[in-house]
2 protein chains.
Amino acid sequence: MAHSDLLTVPFAGAPIFTRSRALRPTGKVLPEHARSHNRALVLQTLYSSGARSRADVSRETGLTRVTISDLVADLIAEGLVVELGQREAARPGKPATLIDVARDAFQIIGLDLSEHEVFRGAVTALDGTIAERIELARGGATGEAAALLVEQLVDRLLALATIPVLGIGVGSPGVVDPLGVVRSAPNLGWVDLPLQARLAARTELPVHVANDANVAILAEHGETAPGELLLIKVGHGVGAGLIVGGRPVIGGGFAAGEIGHVVVGTDGGPRCACGKDGCLEAWVAEPRLTAQLAAVGASRGSSVGAGDGDTDAAAAAARDEILREAGRRLGIVLAPVVGALNLTEVVLSGPADLLDGAFHEATVDTLRQRTMAELNRDLRLRMSEQAEDIVLRGAAVMVLSGQLGVS
Amino acid sequence: MAHSDLLTVPFAGAPIFTRSRALRPTGKVLPEHARSHNRALVLQTLYSSGARSRADVSRETGLTRVTISDLVADLIAEGLVVELGQREAARPGKPATLIDVARDAFQIIGLDLSEHEVFRGAVTALDGTIAERIELARGGATGEAAALLVEQLVDRLLALATIPVLGIGVGSPGVVDPLGVVRSAPNLGWVDLPLQARLAARTELPVHVANDANVAILAEHGETAPGELLLIKVGHGVGAGLIVGGRPVIGGGFAAGEIGHVVVGTDGGPRCACGKDGCLEAWVAEPRLTAQLAAVGASRGSSVGAGDGDTDAAAAAARDEILREAGRRLGIVLAPVVGALNLTEVVLSGPADLLDGAFHEATVDTLRQRTMAELNRDLRLRMSEQAEDIVLRGAAVMVLSGQLGVS
DNA sequence: GTTTGTTCGTAAGGTTTACTAACAAACGTG
DNA sequence: CACGTTTGTTAGTAAACCTTACGAACAAAC
């Protein structure tokens, strides 16, 4: 009973439910809402499975061919789906007319405001492929100046779009509420900035704004789609995005994933900018790591120099030790989260040259040592393969998901 | 747009969503499913608001009076709702006919298998009020013997029920999957025990089985119903129940909340039965605490003795220190979870004489010290008011929720 | 005592939605 | 070339909720 994920089916004596359904029905549901859901289901099916016939979609969704035809007619009329002509394959019966999401009819604009020095933006295809890219040096701008910079970035991206834009997705640092108000972003000096409303008013397009890590996890989730996923985003700060039960976690105060200032361990640690000792961010944020590495002389990137072998080896060992300790600290903080949520997959996103070696290993080892082995046997910790575009691509997914019900 | 919690509404150019909707539509939705949802909505409204007229329900739900009348007619025919006669109040207009959930027409059977020495069970009213109660000494029974004991308990409870039984709810220790198979419960020696199926076949009633802490949190959630809630259940072991985004968290391996064997801090700790040092359970499980308290001579419960004042005061101080340290350890483990999920409410369940003083204070203090103050300002940590019946009452809620869509 | 306005619950009819049944078109196969 | 298969559409039906309308019952005002 797949639909029980979405609707309660509360007959006395009815089959037992999966417990994934809503505990409290929140409002009425009309037949037209069911139709909207089925529309999204069709788009979802086409988007993830590629070009199909109406009959194929019917078989995959369980809806009848008639209903699919009807839904598809609406979608074609709206320009969201296109007919691609007849299927080539040699099969008995009337040849199928292939249909697909109108992948080339819309572009998406994505913004990544999470980096310290630059605001990044891109025009992408529906699948997240980046067509155009702009970086705008922030130059330390904060408050209204930073907001104006964002608007300028959007304007320039819109000018680069060659076809209609489906919507704008923004990954911002800080705490962002569901209405797209940046409640608090210390680095940018934003407090209660109605970014969604500002951009929507300016562009007259659908705009979605969310926390950068929560946006990034959408890019990751689009690929494998497990029910439980945690993404750790290491950059100027440390943030997390969470998907639990297949849904993004927002948090009671809209601050889910703000894990950077949780204290690690019980043995002190470096003094953090927030005043506490041993915050996760004080251990593993990028600036701190690079500074530490520089201090031991193992320069980041290529450590090739004129030094002799011994020095090189010693430097490499010192470098590994620093990264291993940082990875260990991340594992210490994650262990309770992994245990409590019984997570199956954790993804690391950030500079690969820092995270992808000793750091990664230490985090895995620490997680395994500090959680119950039998329960978390199939826990996977991996590096994100999305590199620096993860927020931009996640922003595209956010728009796609929000506007079409597709991911 | 309250319905967007349950159904996607994916028009291009449609209003911005709350992000609480499903990311991936999981299956088709038919009008009849909408009807089921609305049925549950009516029951929910009546259950939580008490006796109302059809017109009242119409106003509260947003459905028309006609539709409510139709749904209520069905529910009355099935015996789930009853008419109570006319409203007394002096108001203009035709007097309303009050209707309510048939609170006296069904009982629920709840089982709590989480205690070490006894299996507890109860016959409750729909609201969780306990009508009859049975405790069965386990006597160290494990495996099939323990399963037979559960069946015996159910039989005896069914015999005590005076009216039809809506269903059976079971809170079991260990890992329980959504189909009610106890995947693993070391204390009871259960591995892949299909408890739900066995009891359902034996009684021909709807049966719901879940982990004890996940059941307990339903009892707590019924009262305040915030979106995010964490319950820590301290007993022979330590377990947690989680509600995130209004939904119970199950976990990728169905082991969400199994936090007892997560290692606390970075300074070692007592050796745990699982072989690791410093597991949460080794710090704060009830047997360990009582043993420690006994060792310093501050006997649990009344510490009144023949000793002089100084000794008493010293013993009390030692006792407080033990509890404070345990509470601190709990706070250390919870801080990352609270931070990552941005939880608003944490509930402690267990022996109040252990948890409700220094322990509680230390946990709160530690949580505040180790998380970001601004984000978790409105975090509340409180003792459960449900005492020992929390699992039994949660089991009733689980049945109510599963069978009627009501909580 | 009558009138007026309000409220309740129901009845009738319409719209939306997805279903079943049936069919024409188009193709491969024997 | 006849036949079976597959596709997509047409036609009709059932379910679910809506709007509109109405009788019944009551309070308040006259």
Side-chain angles (χ1 to χ4, degrees), chain A residues 3 6-11 25 27-42 46 51-77 81 83-99, chain B residues 3 6-9 11 25 27-42 46 51-77 81-99:
Chain A
H3 60 260
L6 292 162
L7 290 172
T8 57
V9 189
F11 297 109
K28 62 177 175 180
V29 172
L30 306 182
E32 66 203 77
H33 302 136
R35 177 136 177 123
S36 295
H37 175 92
N38 290 335
R39 261 178 60 110
L41 183 61
V42 169
L46 286 176
R52 312 245 126 184
S53 71
R54 292 171 175 83
D56 291 332
V57 176
S58 165
R59 278 183 292 267
E60 284 188 43
T61 59
L63 294 161
T64 61
R65 291 202 305 273
V66 181
T67 301
I68 296 297
S69 280
D70 194 43
L71 287 165
V72 167
D74 281 4
L75 293 169
I76 288 178
V81 165
E83 289 197 338
L84 301 176
Q86 294 196 340
R87 172 178 276 149
E88 295 289 324
R91 300 197 303 185
K94 177 180 170 180
T97 308
L98 294 177
I99 54 174
Chain B
H3 60 261
L6 292 162
L7 288 173
T8 59
V9 188
F11 297 108
K28 63 178 175 179
V29 173
L30 306 184
E32 65 203 77
H33 301 138
R35 175 121 176 137
S36 295
H37 176 92
N38 290 336
R39 261 178 58 112
L41 184 61
V42 169
L46 286 176
R52 311 246 127 181
S53 70
R54 291 169 175 84
D56 291 332
V57 176
S58 166
R59 278 184 291 265
E60 283 186 43
T61 59
L63 292 161
T64 61
R65 291 202 304 274
V66 180
T67 301
I68 295 299
S69 280
D70 194 41
L71 287 165
V72 167
D74 281 4
L75 292 169
I76 288 177
V81 165
V82 288
E83 289 196 338
L84 301 177
Q86 292 197 341
R87 172 178 277 148
E88 295 289 324
R91 301 196 303 185
K94 178 180 171 180
T97 309
L98 294 179
I99 54 175

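Below, each value reflects all heavy atoms present in this structure, side chains not excepted, and no hydrogens, waters or symmetry copies. Order of the sequence lines sets the chain letters (A, B, ...), proteins ahead of strands, with each chain counted from 1.
No donor-acceptor contact under 3.5 Å links the side chain of B/Arg54 to the base of C/dG9.
The separation between A/His33 atom NE2 and C/dT16 atom P is 14 Å, rounded to whole Å. Taking atom CG of B/Asp70 as the reference point, atom C1' of C/dA11 lies 12 Å away to the nearest angstrom. Taking atom CD of residue B/Gln86 and atom C1' of nucleotide C/dG9, one finds them 11 Å apart after rounding to whole Å. In this structure, CG of B/Leu98 is placed 14 Å from C1' of C/dT7, rounded to the nearest angstrom. Rounded to whole Å, atom C1' of D/dT7 lies 5 Å from atom NZ of A/Lys94. In this structure, B/Leu63 places its CG atom 8 Å from C1' of D/dC17, rounding to the nearest Å. Separating the CZ atom of A/Arg87 from the P atom of D/dT5 is a distance of 18 Å, rounded to the nearest angstrom. As a whole-Å value, the separation of B/Leu30 CG from C/dA18 C1' is 7 Å.
Proximity of B/Thr64 to the phosphate of D/dC17: no side-chain N or O atom is located under 4.0 Å from OP1 or OP2. Taking only side-chain nitrogens and oxygens, B/Asn38 comes nearer than 4.0 Å to OP1 or OP2 of D/dC17. For the pair B/Arg59 and C/dC8, the criterion of a side-chain N or O lying under 4.0 Å from OP1 or OP2 is met.
Nearest heavy-atom pair, B/Ile76 versus B/Glu83, reported as atom, atom and distance to 0.1 Å: CD1-CG, 3.8 Å.
Using a cut-off of 4.0 Å between Lys/Arg side-chain N and Asp/Glu carboxylate O, B/Glu32 and B/Arg39 are scored as not salt-bridged.
Toward the 5′ end of DNA chain D lies the nearest nucleotide of A/Ala96, the other residue of the pair B/Thr67 and A/Ala96 mapping further downstream. When each of A/Val66 and A/Glu32 is assigned the nucleotide of DNA chain C with its nearest heavy atom, A/Glu32 is the one assigned upstream, toward the 5' end. Along DNA chain D, the nucleotide nearest A/Ser53 and the nucleotide nearest A/Pro31 are compared for position; the residue whose nucleotide lies closer to the 5' end is A/Ser53.
The only option from B/Thr61, B/Thr67, B/Ile68 that meets the side-chain contact (heavy atoms from CB on, under 4.5 Å) definition with B/Thr64 turns out to be B/Thr67.
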Evaluate the side chain to side chain contact (heavy atoms under 4.5 Å, CB included) criterion for residues B/His37 and B/Val29: first the C-alpha distance (whole Å), next the side-chain angles of each, then the deciding distance (0.1 Å), finally the verdict.
CA-CA 11 Å; B/His37 176 92; B/Val29 173; over 6 Å; no
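Using a 4.5 Å cut-off on side-chain heavy atoms (C-beta onward), A/Leu63 and B/Leu30 make contact.
With C/dC27, D/dT9, D/dG23 as the candidates, the nucleotide lying closest to the side chain of A/Ser69 is D/dT9.
Counting any heavy atom pair closer than 4.0 Å across all strands shown, B/Ile68 reaches no nucleic acid atom. Note on B/Arg65: a base of the nucleic acid sits closer than 4.0 angstrom, heavy atoms only.
In this entry C/dT6 has D/dA25 as its Watson-Crick or G-U wobble partner, both defining distances falling under 3.5 Å.
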